[in-house]
Amino acid sequence: MADSPLRLLRARVGAGVAAAFGADVEPPESLVVPTSDPRHGDYTCPAAMSLARTLRRPPHELAERLAAALDLADVCDPPEVVRPGFVNLRLRRSWLESQVVAMVGDDRLGIGPVAEPVRVVVDYSGPNVAKQMHVGHLRSTIIGDSLGNVLEFLGHEVERVNHLGDWGTQFGMLIAHVEDVHPGGLGGAGTEVEDLEALYRTANARFSEDPAFRDRARQRVVDLQSGEPAARAAWQWMVDLSMARNQEVYDLLGVRSLVTRGESSYQPLLADVVAELEAAGLVVVDDGAKCVFVEGFTNKAGEPLPLIVQKADGAYNYATTDLAALRSRVEQGARRLVYVTDAGQAQHFAMVFAVAARAGWLPPDVEAAHVAFGLVLGEGGGRLRTRSGDTVRLHGLLDEAVARARAFLVARAAERGEPVPADIDEVARAVGVGAVKYGDLSQNRQSNYVFSYDRMLTLKGNTAPYLQYAYARIRSILREAGRDGDGGTAAEAVTVSLGEPQEADLARRLVATGDVLERVVDDYLPSHLSAHLYELAQAFHQFYEHCPVLRAEAAVRRSRLALCEVTAASLRRGLGLLGIEVPERI
RNA sequence: GCCCCCGUAGCUCAGGGGAUAGAGCACCGGCCUCCGGAGCCGGGUGCGUAGGUUCGAAUCCUACCGGGGGCGCCA
C-alpha cells in the first residue's frame, strides 16, 4: 500500500513537533503544505513561525530544532531550513520510485480507504415530476454523482438519493386541472411528458389567476395526502411518465446507482415531525400556519423568519419533508448528509439544519452540508435559455454536445483520410457528455458559469477531450509495447527509475492523487480533482516530449512503460470518479 | 432594507494564512529524419476600494463599491 505524501508527512512532522518541543505543544494548523515554488522543495513546514510566539524563541532556531528531530530519512532528502523558519522537504527519489512501483497494476492506485468510514447520504438531482429535466438539474446531478463516487472510493458507505419532487401544491393544481380538461380520466399510452408540461403551465396560470381554482387545487393536495383514490391514481400516472423520461437522461449521463426516494415517501412521517416539534415547544401558529422561528433569520421587515412546517390549509410543505428525510436518514445511521442543490436554497437548508439541531434530530457528530452551486448562464450573461426564451432541456443539451463531438470526429477522420471508426457513436457520446460534465465540474461550484459548447469541446486546455486524448495517446503507446492487456506488466518484475526531471515530476503528480481526493470530499469540490488531472496530463506531455519510451534501452523502457501505465490508470480512475468515460481510441 | 455567494491577467478561471499569485484562451516567436502536434519550449500583464488582525493576507475580520441569488405558507 502506498502512502499519500501529505498524509504521511503530516503524521511524521506532527511526531517531530512533539519530539522537538514536547507533546503538550499544540501543533499548528498548517503542519505541512505543498510549496508554491519547486525551488522550495515539494512540501514545506511553516510551523516554526507560528510556534515562535508561544515558545518565545526565534523561528529559525525552532526550525533547526524541528528539522533535527524529524524522522523522514526514508521519505525525504535531508530537510532544508530556510529563513525565516521554513523546513523544506523534498521527496526522495527512491521513495517516489517505490511508490510508483506499488501503484502498477493496482486498481486503487495505492490509495487506501479512510480510517473511519461512515455512512453518507448524498442527495442530488431531484427533478420534478411534470417537468422535464432541464439545465438546472445538470449541476446537481453531476456534482452529486462525482462526490458520491469519490466518497465511495475512499471507503465510505454511500447512499445516493434522488429526492424526486413528486409531492406538494403543484399536484393539487395539476390534478384539479386534469379533472377539468380530461373529465373522463387520464389519457392513454400516447401521452408524452411534453403534454404534462403543457398541463403544468396551464394549471399554473390558472392557479395564479383564479381564486376558486386555487382553493380547489389546495383541496386536491389535501385529498392526495389523505390517499383519496382518484387523486392518487392521477398522481401515480404522472410520476411514472415523468420518471421514464428522466431515465433516458440518466442513461445518457451514465448515472447509475441513484435510488429514487421521492418526497412522497416521507408523507407518513410528516404529521409526526410536526407533532414532535410541537411537543418540544418549538411551534408557533402564525396566520394559521405552524411555524418554527429560528434565531438569526429575518425577513424584509427585519422580523423573525419562520420555517413553515404546516400550512394554514393543513398541507405540509418541503420544509416538513426535508426535516422528515433528515431525521430518518440520521436514524438509519447516516453520519454525513450531503445536499447538492442550487445556492438559492442556502437559507432554506440553513434553517432546516438549525431546526433539526434544536429538535435533537441532528446530533453534533452528524455533519449536514448544503453543497450549493451557482447558475448556468447563457453566453449573454443571463440564465441559460433557448432562443425562444424557454429553459433548456437537459436531454437536448446533451444531444447537442454529442452531435458536435461526432461531427468533429467525422471531420477529423476525413482530414486524415481514415474511415469513420465503427464505434464512433460510443466515442462521440463519451466525448460530448464528458465535455459537458467536465466543463461543469472543473468550475468552482459556488460561482455562476457561462455555458459554452465551444469552450467545453475545445481540444486544447483544461477540457475533457484534452484529457481523454491524453489517455488514448498513452494507451496507444502501451498497445505498441504489447502492454495493453490485463496485468501485462505483472509478468515481469517492475522497476522504476526516475532519472530525468520530467519523470520525477510526473511521479510527484501520480502519488498525490490520494491527497487530492481527500480534499475533494473535505471541501465538496470536484474541481480539485479536475485541476489535478489536468496537471497530471501536462506533466505527462512534458515527460513524453523529453523521454522516449519505446525507443529507450530495455531497462529504461520498462520503467517508462510503468510510468505510462500508472498515468493511464490514474487518468481513467480520476475521470471515472468525475463520471467521465475514457475511450481507448479517439 | 436584511441575509448568502462572487469580484484575481484583454477573456474564461485556479489558488489549502506561508516565500517571487498560477493555468488555459487570445497574441508573438521557436520545435515535426521523433512512440498520436489535441503536443513541447520561450515571450507579460493582475488580487474591486479603504481599514484591521497576524511574524506573514488573494485567503481571516469590518466598512464601502460592483455583479448574482434569496428573503411567509412553490420546491
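All values reported here derive from a predicted model rather than from experimental measurement. All chains are named by letter (A, B, ...) in the order of the sequence lines, taking the proteins before the strands, and each is independently numbered beginning at 1.
Note: CD (A:Gln443) to C1' (B:A14) measures 10 Å, nearest angstrom. Rounded to an integer number of Å, the gap from A:Phe297 CZ to B:C4 C1' is 10 Å. Separating the NZ atom of A:Lys460 from the C1' atom of B:G24 is a distance of 11 Å, rounded to the nearest angstrom. Between the P atom of B:G56 and the CG atom of A:Leu51 lies a distance of 16 Å, rounded to the nearest Å. To the nearest angstrom, C1' of B:C2 lies 12 Å from CD of A:Glu303. Atom pair A:Asn204:CG and B:C74:P shows a separation of 11 Å (rounding to whole Å applied). Protein atom CD of A:Gln345 is 12 Å distant from nucleotide atom C1' of B:G69, rounded to whole Å. The CZ-C1' distance, from A:Phe349 to B:C3, rounds to 17 Å in whole Å.
Between A:Arg508 and A:Asp505 there is a salt bridge, with a side-chain nitrogen of the basic residue lying less than 4.0 Å from a carboxylate oxygen of the acidic one.
When heavy atoms are screened at a 4.0 angstrom cut-off, A:Arg10 is found touching base atoms of the nucleic acid. Among the heavy atoms of the strands lying under 4.0 Å from A:Leu6 is at least one base atom, whether or not backbone atoms are also near. Using a 4.0 Å heavy-atom distance criterion, A:Leu375 is classed as a sugar-phosphate-only contact. At a threshold of 4.0 angstrom between heavy atoms, the contacts of A:Ala343 with the nucleic acid are absent. Nucleic acid contact for A:Pro46: base, since at least one base atom lies under 4.0 Å from a heavy atom of the residue. Residue contacts shown for A:Thr458 are absent, as no nucleic acid heavy atom lies under 4.0 Å away. Counting non-hydrogen atoms under 4.0 angstrom, A:His348 reaches nothing in the nucleic acid. Residue-level contact check: A:Arg416 touches the bases, meaning some heavy atom is under 4.0 Å from a base atom. Counting non-hydrogen atoms under 4.0 angstrom, A:Asn317 reaches the backbone sugars and phosphates but no base. Within the 4.0 angstrom heavy-atom criterion, base atoms lie near A:Asn88. Contact annotation for A:Asp286: base contact, defined as any heavy-atom pair under 4.0 Å involving a base atom. At a threshold of 4.0 angstrom between heavy atoms, the contacts of A:Gln310 with the nucleic acid are absent. Using a 4.0 Å heavy-atom criterion, one finds that A:His541 contacts the sugar-phosphate atoms exclusively. Within the 4.0 angstrom heavy-atom criterion, no nucleotide atom of any strand lies near A:Gly165.
Which of B:G72, B:G36, B:U12 sits closest to the side chain of A:Cys291 comes down to B:G72. With B:G16, B:G18, B:A19 as the candidates, the nucleotide lying closest to the side chain of A:Met49 is B:G18. The A:His546 side chain lies nearest to B:C40 when the options are B:C40, B:C2, B:G72. Comparing B:A23, B:G18, B:C35 by their nearest atom to the side chain of A:Ile477 picks out B:C35. The side chain of A:Gln542 sits closest to B:C40 out of B:G72, B:G68, B:C40.
For A:Asn317 (side chain) and A:Ile308 (main-chain N/O), a donor-acceptor pair under 3.5 Å exists by modelled atom type. Under a 3.5 Å cut-off, the side chain of A:Ser208 and the backbone N or O of A:Asn204 do form a donor-acceptor pair.
To the nearest whole angstrom, the two C1' atoms, one in B:G39 and one in B:A50, are 47 Å apart.
Among residues at least two apart or in separate chains, salt bridge (charged side-chain N to carboxylate O under 4.0 Å, His left out) pairs with a member in residues 436-456 of chain A are A:Arg139-A:Asp440, A:Arg404-A:Asp454.
Helical stems involving RNA chain B, defined as 3 or more consecutive Watson-Crick or G-U pairs under 3.5 Å, span B:1-7 with B:65-71, B:10-13 with B:22-25, B:27-31 with B:39-43, B:48-52 with B:60-64.
Between the side chain of A:Arg412 and the base of B:A38 there is at least one donor-acceptor pair of N/O atoms closer than 3.5 Å. Contact annotation: side chain of A:Tyr544 to base of B:G39, donor-acceptor pair absent below 3.5 Å. A donor N or O paired with an acceptor N or O is not found under 3.5 Å between the base of B:A14 and the side-chain atoms of A:Ser527. Taking only distance into account, the side chain of A:Gln347 never meets the base of B:G70 through a donor-acceptor pair shorter than 3.5 Å.
By the criterion of a centre-to-centre distance under 5.5 Å and near-parallel planes under 30°, the ring of A:Phe86 forms a stack with the base of B:A19.
Aromatic ring centres of A:His163 and A:Tyr266: separated by under 6.0 Å.
Checking the phosphate oxygens (OP1, OP2) of B:A75, no side-chain nitrogen or oxygen of A:Tyr318 falls inside 4.0 Å. Put simply, A:Ser476 has a side-chain N or O that comes within less than 4.0 Å of OP1 or OP2 on B:G36. Residue A:Ser36 places none of its side-chain N or O atoms closer than 4.0 Å to OP1 or OP2 of B:A21.
Aromatic ring pairs are classed by plane angle as parallel below 30°, tilted from 30° to 60° and perpendicular above 60°; the pair A:Tyr449 and A:Phe451 is tilted.
The side-chain hydrogen bond (donor to acceptor under 3.5 Å, both in side chains) test with A:His177 singles out one residue from A:Arg206, A:Arg220, A:Arg216, and that residue is A:Arg206.
With sequence neighbours excluded, no residue satisfies side chain to side chain donor-acceptor pair (under 3.5 Å) with A:Thr321.
Annotation: A:Glu295, atom CD; neighbour count of heavy atoms from other residues, nucleotides and ligands within 6.0 Å does not exceed 12.
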Go through A:Tyr339 and A:His348 one step at a time and tell me if the ring pair (Phe, Tyr, Trp, His ring centres under 6.0 Å) criterion holds. CA-CA 12 Å; A:Tyr339 295 84; A:His348 166 73; 9.0 Å; no
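Both A:Asn462 and A:Leu457 lie near RNA chain B, and the one whose nearest nucleotide falls closer to the 5' end is A:Asn462.
With its glycosidic angle within 90° of 0, B:C32 adopts the syn conformation.
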